[in-house]
Amino acid sequence: MEEAIREFLREDIGHGDITTEGIFRGERVKAVLIAKEGGCLAGMPFATKVFEILGGVQTFSTKKDGETFEAGERLLILEGSAESILKGERLALNILQSLSGIATLTRTVVEKLKGTGIELLDTRKTTPGFRYFEKYAVRVGGGKNHRFGLYDMVLIKDNHKRVAGGIKEAVKRVKQVLGPAYKIEVEVESIEELYEALECEVDMVMLDNFTPDDVKRAVEIIKGKVKVEVSGNITPENIKEYAIEGVNYISCGFITHSARWIDMSLRVL
């Protein structure tokens, strides 16, 4: 995390903040970071780390990640080097605005699933280099992380099936190489593929782009033999239609790739 933030600072500052360094003469100031709209906070440890790395700044957060805030609330108070505060301003804001946006949207969707027993999962549809942070924000909002990368879970998708020649051959090859070391999930795109996956004794199936009626039929066929994930074109508007008994997880890429940033600003007093 710290290495990533240092790289973000190098990207923004480069060989130097020529505006700040040209104007400031060692001034010390007090500044506040203010929410311009309400939401669920995420990213405060990363935002304060920005100023810790730059040095010469004390930070006092008024909210913890996972807590809600309203428009006009002061979320962070900063005291110290004006140069460090201005150098870190944009990065800290970008982190807090983007991650709070993800956490806020995630919490909204999780609330829609309340009482169903279904868990909301994220996907790998994340910003390159920013996945750790975005998946962290999903957890803050009450969602769960699916796999972090290609290395921690077997998920046989459409192109794997095409290359291998079908689900059975794909599962067979994975088991030959990995044995029982990893659980196997298979994406199915039809009821016919579902039957094929169940014959292979996999651990989990992903019902991809199924209609709610097709999901109900699939759940009746599965009868609790494997875990069930539903994915594909699910939005906050239609997610309740997929909250069907027998479904264990609903995965949604939009909670990371389509979350709107929460508006915030930083002001020197």
Side-chain angles (χ1 to χ4, degrees), residues 1-2 4-5 8-9 12 29-54 56-82 84-115 119-123 125-127 129-145 235-237 239-240 252-269:
M1 179 270 291
E2 183 171 335
I5 291 175
F8 298 155
L9 284 168
D12 202 29
V29 298
K30 183 175 181 179
V32 291
L33 192 149
I34 302 170
K36 300 177 78 172
E37 59 182 319
C40 173
L41 185 66
M44 187 60 77
F46 310 132
T48 56
K49 177 63 71 172
V50 170
F51 299 105
E52 179 184 323
I53 291 171
L54 289 168
V57 180
Q58 286 186 300
T59 57
F60 309 90
S61 55
T62 65
K63 293 281 186 177
K64 296 180 180 178
D65 280 6
E67 293 182 338
T68 57
F69 55 87
E70 302 296 332
E73 283 196 60
R74 295 183 174 189
L75 304 179
L76 183 64
I77 300 168
L78 307 99
E79 294 182 0
S81 165
S84 291
I85 290 173
L86 270 292
K87 283 182 176 180
E89 172 187 5
R90 177 44 52 198
L91 177 56
L93 282 170
N94 286 352
I95 290 172
L96 283 174
Q97 291 180 125
S98 61
L99 297 192
S100 295
I102 291 171
T104 301
L105 178 56
T106 300
R107 179 161 293 181
T108 298
V109 179
V110 167
E111 283 296 315
K112 292 178 182 289
L113 295 176
K114 194 172 182 178
E119 294 185 322
L120 179 69
L121 301 179
D122 57 19
T123 70
K125 293 178 181 178
T126 55
T127 308
F130 207 51
R131 179 174 297 176
Y132 173 89
F133 299 88
E134 292 178 339
K135 282 184 171 282
Y136 166 84
V138 168
R139 298 197 304 275
V140 169
K144 303 288 184 181
N145 295 146
T235 67
E237 291 70 36
I239 195 166
K240 283 188 176 181
C252 301
F254 65 79
I255 57 176
T256 51
H257 69 60
S258 294
R260 183 180 62 81
W261 287 25
I262 300 296
D263 197 9
M264 303 174 185
S265 65
L266 189 145
R267 183 186 308 159
V268 172
L269 300 178

Step-by-step side chain to side chain contact (heavy atoms under 4.5 Å, CB included) determination, C252 to L120: CA-CA 7 Å; C252 301; L120 179 69; 3.6 Å; yes
Minimum side-chain heavy-atom gap V32-L76 below 4.5 Å: no
More than 12 heavy atoms of other groups within 6.0 Å of R267 CZ: no
Minimum side-chain heavy-atom gap L78-L266 below 4.5 Å: yes
Donor-acceptor under 3.5 Å (T108 side chain, T104 main chain): yes
Minimum-distance pair of heavy atoms, taken over all atoms of P45 and D65: CD-OD2, 3.2 Å
Side chain to side chain, Y132 and T126, heavy atoms closer than 4.5 Å: no
Spacing of CD1 belonging to I255 relative to OG1 belonging to T106, to within rounding of 0.5 Å: 4.0 Å
Residues L269, V29; criterion side chain to side chain contact (heavy atoms under 4.5 Å, CB included); working and verdict: CA-CA 7 Å; L269 300 178; V29 298; over 6 Å; no
Spatial distance of atom CG (N145) from atom CD (E119) [nearest 0.5 Å]: 11.0 Å
Near-ring test Y136/F133, centroid separation under 6.0 angstrom: no
Check: F46 and E2 side chains under 4.5 Å, non-hydrogen atoms: no
Where G38 and I262 come nearest, the two heavy atoms and their spacing: O-CD1, 3.9 Å
Non-hydrogen side-chain atoms of V268 and L86 separated by less than 4.5 Å: yes
Chi angles and distances behind the side chain to side chain contact (heavy atoms under 4.5 Å, CB included) call for M44, L75: CA-CA 9 Å; M44 187 60 77; L75 304 179; 4.2 Å; yes
Exceeds 12 heavy-atom contacts within 6.0 angstrom, atom NZ of K63: yes
Carboxylate-amine/guanidinium proximity below 4.0 Å for E70 and K36: no
Close side-chain approach of S98 to F130, heavy-atom, < 4.5 Å: yes
Smallest separation among heavy atoms of A103 and A42, with atom names: CB-CB, 3.7 Å
L33 side chain near R74 side chain, heavy-atom distance below 4.5 Å: no
Side chain to side chain contact (heavy atoms under 4.5 Å, CB included) evaluation trace for W261 with S100: CA-CA 7 Å; W261 287 25; S100 295; over 6 Å; no
Test item: L96 and L41 side chains (from C-beta on) under 4.5 Å apart, heavy atoms: yes
L9 CG to I53 CD1 distance, which is reported to the nearest 0.5 Å: 6.0 Å
Spacing of Q97 atom CD and R260 atom CZ [to the nearest 0.5 Å]: 10.5 Å
Interatomic spacing from CD in E79 to CD1 in I77 - rounded to 0.5 Å: 7.5 Å
N-O pairing of R131 and E134 below 4.0 Å: no
Distance (rounded to the nearest 0.5 Å) between K49 NZ and L91 CG: 13.0 Å
Shortest non-hydrogen contact between G129 and F8, atoms and distance: O-CZ, 3.9 Å
Exercise: identify the closest heavy-atom pair between A31 and I85: CB-CG2, 4.2 Å
